[in-house]
Novice: 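Questions regarding the structure given below will be posed in turn.
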Amino acid sequence: MTAPTPITLDHCLALDADDPLAGFRDRFHLPDGVIYLDGNSLGPLPAAVRTRLERVVEAEWGRDLITSWNVHDWIGLPARVGDKIARLVGAAPGSVVCADSTSVNLFKALAAALDLRPDRRVILSDSGNFPTDLYVAQGLVRLLDRGHELRLVEPEGVADALTDDVAVLMLTQVDYRTGRLHHMADLTRRAHGAGAVTLWDLSHSAGALPVDLAGAGADLAVGCGYKYLNGGPGAPAFLYVAPRLQDAVRPPLSGWMGHEAPFAFDLDYRPAGGIGRNLCGTPPVLGMTALDAALDVILDADMAQIRAKSQALCALFIDLVEQECRGHGFTLASPADPDARGSQVSFRHAQGYPVMAALIASGVIGDFRAPDLVRFGFTPLYLTFSDVWDAVAVLRGIMETRAWDAPEYHRRAAVT
Ligand SMILES: *Cc1c(COP(=O)(O)O)cnc(C)c1O
C-alpha cells in the first residue's frame, strides 16, 4: 500500500518528537555513522552491561573469587535471570530458567516433550522453522531410535496437520526469514485438542512483541538471549516449562545443576523440584551477568509501546522502500499486515547479497538470508523514525548508482 501523499523527512522527525520511547536510545552504545537494523540477530551493547561486567570481573571474579557463588549469588543467576525473562514472555515466576544455548535448550525441551507422549511418534513442525531446530529434532530422533518422525508442513498448513499421531507441535513463533507470526494461543489450543504437547521457540519474539505463554496455555518454550534481549554474542538462552508440567518433566541432560542437592554429591541423580531440574551444568557467569543487566533496560520499557513503535517503524520502512526504491527490483517478502509480522521486514531481491553488502559498507547494517532475502530488524528502544528515513535514502543511492555491483560486494563472507 502506498501512502496517498509522499512521506517526508519532516513527517519522520515529527514521529520522533512524539516517541514515548525516545529516551531509551542513550542507554545503548551505538557507533557513530551506523544505522543498526540487525538487532534481531545480535542486539547492541547496553551501556549498563559494560559497567556491570567490569564490576563482576574486578570485584567478584577478581577479588572475591570462588566465594562469589554465595556472596554474589552467582548460583542463583539462572533462576533470577529466568524470572526477568518470564516477565517478557507472560510466564509465572519460577517457570523460566536461563541456561545453555537455544539449540541445547530445544534438545532438552523436545526430549522432555516426547517423553510426555510416549505412545506417539510424530514431531510436527513447519518449513519456515529455523534450521537448527530441525537439525536438533533430527538428531534426537536418531538418538532415541524408537521410530519417531519429524514431519514438516507449510506454515499455513500447521493447523490442518494436527492429527492424532502428533506427539509434539514444535514451532518458532516468528519466521526468521519473513517475520511471519504464528498465532500461539490458537495453535496451542488446537494442538491440545489433538492431544499434542506444544514447544514454542521464541527466539524472534522475546523482547520484540508481547508474548503470553501462560495465557496461551503453552507447554514448553525456548528462546534466544542475544537477539532482542541484547545479552551479547553467544549469550545464554532460556527454557520455559508450564508450572503444571514441571514435576512431570524428565530432563534428558541430567547434570548436577539440575539435581535436588548438587552439593550433597550423591552418586545417584534425583531431579530438583520445579523448573531448576532443567539446568545441566555450571552457568556461564559472565555471559549471564551481561544478559541480566541488558534485561533491566527492556523491563523498564512498556511492551505495548515497544510493539506499537515496532509496527510503526516496519510500516514506515515498507512504505518508504516502495516510495523511494520503486522499479529497483524489491518485492516484499514479509506479510503486509502489521499484526501478522514480528519486528522485522524482508524483501526479495535478485541481487540481495551484493545489495546488502553495499548497504553495510555504507553504515546501514541489516543482513542477507539465502537465497535472495535482504532482512531488516526494527528495534524500538534505539531506532528512530528518521533512522528509517536515512536508511532508505542510503538504499536508494546504492540502487541508483549501482554501487552494489562493485566486485567486493559479490564476495561471500563466512557469516551472513
Ligand atoms: C537464533 C535462533 C536460534 C539460535 O540458536 P543458537 O543455539 O543460539 O545458535 C535457534 N532457533 C531460532 C528459531 C533462532 O531464531
Side-chain angles (χ1 to χ4, degrees), residues 86 89-92 95-96 102 105-138 140-141 144 146-176 178 180-206 209-223 238-252 275 278 335 339-340 342:
V89 294
S95 60
V96 175
T102 308
N105 283 330
L106 191 90
F107 177 89
K108 297 188 300 189
L110 181 58
L114 288 173
D115 187 50
L116 291 170
R117 289 291 177 277
D119 300 333
R120 297 185 177 205
R121 289 289 178 271
V122 174
I123 304 160
L124 179 64
S125 192
D126 72 42
S127 54
N129 206 344
F130 192 77
T132 198
D133 296 40
L134 304 178
Y135 302 161
V136 166
Q138 288 161 9
L140 181 59
V141 164
L144 289 173
R146 294 211 310 264
H148 288 93
E149 170 200 345
L150 173 63
R151 188 176 290 165
L152 294 185
V153 297
E154 292 299 303
E156 297 71 24
V158 169
D160 289 336
L162 280 163
T163 44
D164 64 8
D165 52 353
V166 175
V168 181
L169 175 62
M170 178 186 87
L171 293 175
T172 296
Q173 190 190 15
V174 177
D175 186 303
Y176 74 104
T178 64
R180 176 201 37 72
L181 182 61
H182 272 308
H183 197 303
M184 183 188 292
D186 184 49
L187 286 174
T188 299
R189 191 172 350 96
R190 288 168 185 260
H192 289 170
V197 176
T198 55
L199 169 51
W200 288 96
D201 189 328
L202 304 177
S203 289
H204 290 279
S205 317
L209 50 110
V211 177
D212 187 4
L213 283 171
D219 301 303
L220 298 115
V222 299
F238 64 91
L239 190 160
Y240 165 83
V241 180
R244 65 190 144 75
L245 295 175
Q246 277 170 16
D247 290 335
V249 157
R250 295 195 298 179
I275 189 71
N278 298 288
D339 289 331

Novice: Using side-chain contact (heavy atoms from CB on, under 4.5 Å), reason through V153 and D160 one step at a time and then give a plain yes or no.
Specialist: CA-CA 10 Å; V153 297; D160 289 336; over 6 Å; no

Novice: Does the side chain of L114 reach to within under 4.5 Å of the side chain of L140, using non-hydrogen atoms?
Specialist: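 In short, these two side chains touch, coming nearer than 4.5 Å.
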
Novice: Between L209 and L181, does a side-chain contact (heavy atoms from CB on, under 4.5 Å) hold up when you go through it step by step?
Specialist: CA-CA 10 Å; L209 50 110; L181 182 61; 4.3 Å; yes

Novice: Report yes if the side chains of D115 and V249 come closer than 4.5 Å at any heavy-atom pair, otherwise no.
Specialist: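 No. Closest side-chain heavy atoms not under 4.5 Å.
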
Novice: Measuring from atom CG of L202 to atom CZ of F238, what distance do you get when rounded to the nearest 0.5 angstrom?
Specialist: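 Here the rounded value is 5.0 Å.
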
Novice: Pick one: which of V241, V136, L239, V222 meets side chain to side chain contact (heavy atoms under 4.5 Å, CB included) with K108?
Specialist: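 Only one option passes, and that is L239.
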
Novice: Less than 4.5 Å apart, any side-chain heavy atom of I123 and any of L110?
Specialist: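 Heavy-atom side-chain distance check passes, below 4.5 Å.
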
Novice: So which heavy atom on L220 is nearest to which on A113, and how close?
Specialist: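 Smallest heavy-atom distance, with atoms named: CD1-CB, 3.8 Å.
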
Novice: Report the distance from atom CG of D133 to atom CD of Q138, rounding to the nearest 0.5 Å.
Specialist: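 Spacing of CG (D133) from CD (Q138) equals 11.0 Å.
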
Novice: If we ignore hydrogens and angles and just use 3.5 Å, is the side chain of S125 paired with the main-chain N or O of M170 as donor and acceptor?
Specialist: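 It does hold such a pair.
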
Novice: Identify the heavy atoms of D212 and G90 that sit nearest to each other, and give their distance.
Specialist: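 Closest pair (atom of D212, atom of G90, distance): OD1-O, 3.7 Å.
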
Novice: If only atom types and distance count, is the side chain of E149 paired as donor or acceptor with the main-chain N or O of R121 below 3.5 Å?
Specialist: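 Not at all, since once roles are kept as given, no pair shorter than 3.5 Å links the two residues.
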
Novice: Please check this pair: side chain of N278 against backbone of I275, looking for a donor-acceptor N/O pair closer than 3.5 Å.
Specialist: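 Yes: the side chain of N278 pairs with the backbone of I275.
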
Novice: Assess the residue pair M184 and V211 against the criterion (side-chain contact (heavy atoms from CB on, under 4.5 Å)); give the C-alpha distance rounded to whole Å, side-chain angles, the decisive distance to 0.1 Å, and a yes or no.
Specialist: CA-CA 9 Å; M184 183 188 292; V211 177; 4.0 Å; yes

Novice: Measure the spacing between CG of L245 and OH of Y240 and express it to the nearest 0.5 Å.
Specialist: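 If I round to the nearest 0.5 Å, the distance is 8.0 Å.
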
Novice: Looking at CG of L171 and CG of D201, how far apart are the two atoms once the value is rounded to the nearest 0.5 Å?
Specialist: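 Reported value, rounded in 0.5 Å steps: 9.5 Å.
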
Novice: Counting only N and O atoms by type, is there a donor-acceptor contact under 3.5 Å from the side chain of R250 to the main-chain atoms of D247?
Specialist: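 No, the answer is negative, given that no donor and acceptor are paired below the 3.5 Å cut-off.
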
Novice: Are the side chain of R180 and the backbone of E156 linked by a donor-acceptor contact shorter than 3.5 Å?
Specialist: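 No, because the side chain of R180 does not come within donor-acceptor range (under 3.5 Å) of the backbone of E156.
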
Novice: Do any N or O atoms from the side chain of T198 and from the backbone of D219 form a donor-acceptor pair under 3.5 angstrom?
Specialist: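 Looks like yes, one N/O pair under 3.5 Å.
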
Novice: Could you pull out the closest heavy-atom pair between V89 and A206, with the gap in Å?
Specialist: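 Heavy atoms of V89 and A206 come nearest at CG1-CB, 3.9 Å.
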
Novice: So, for P155 and H182, which heavy atoms are closest and what is the spacing to 0.1 Å?
Specialist: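 P155 and H182 have their closest heavy atoms at O-CE1, 3.5 Å.
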
Novice: Please answer whether the main-chain N or O of D175 pairs with a side-chain N or O of T178 as donor and acceptor at a distance below 3.5 Å.
Specialist: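 Not at all, since once roles are kept as given, no pair shorter than 3.5 Å links the two residues.
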
Novice: Given R151 and D165, is the side-chain contact (heavy atoms from CB on, under 4.5 Å) satisfied, shown in steps?
Specialist: CA-CA 11 Å; R151 188 176 290 165; D165 52 353; 3.2 Å; yes

Novice: What is the minimum heavy-atom distance between S203 and T102, and which atoms define it?
Specialist: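 Taking S203 first and T102 second, the nearest heavy atoms are OG-CG2, 3.6 Å.
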
Novice: Could you pull out the closest heavy-atom pair between L150 and L134, with the gap in Å?
Specialist: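 The answer is CD2-O, 3.8 Å.
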
Novice: Where does the angle between the aromatic ring planes of Y176 and F130 fall among parallel (under 30°), tilted (30 to 60°) and perpendicular (over 60°)?
Specialist: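 Y176 vs F130 ring planes: perpendicular.
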
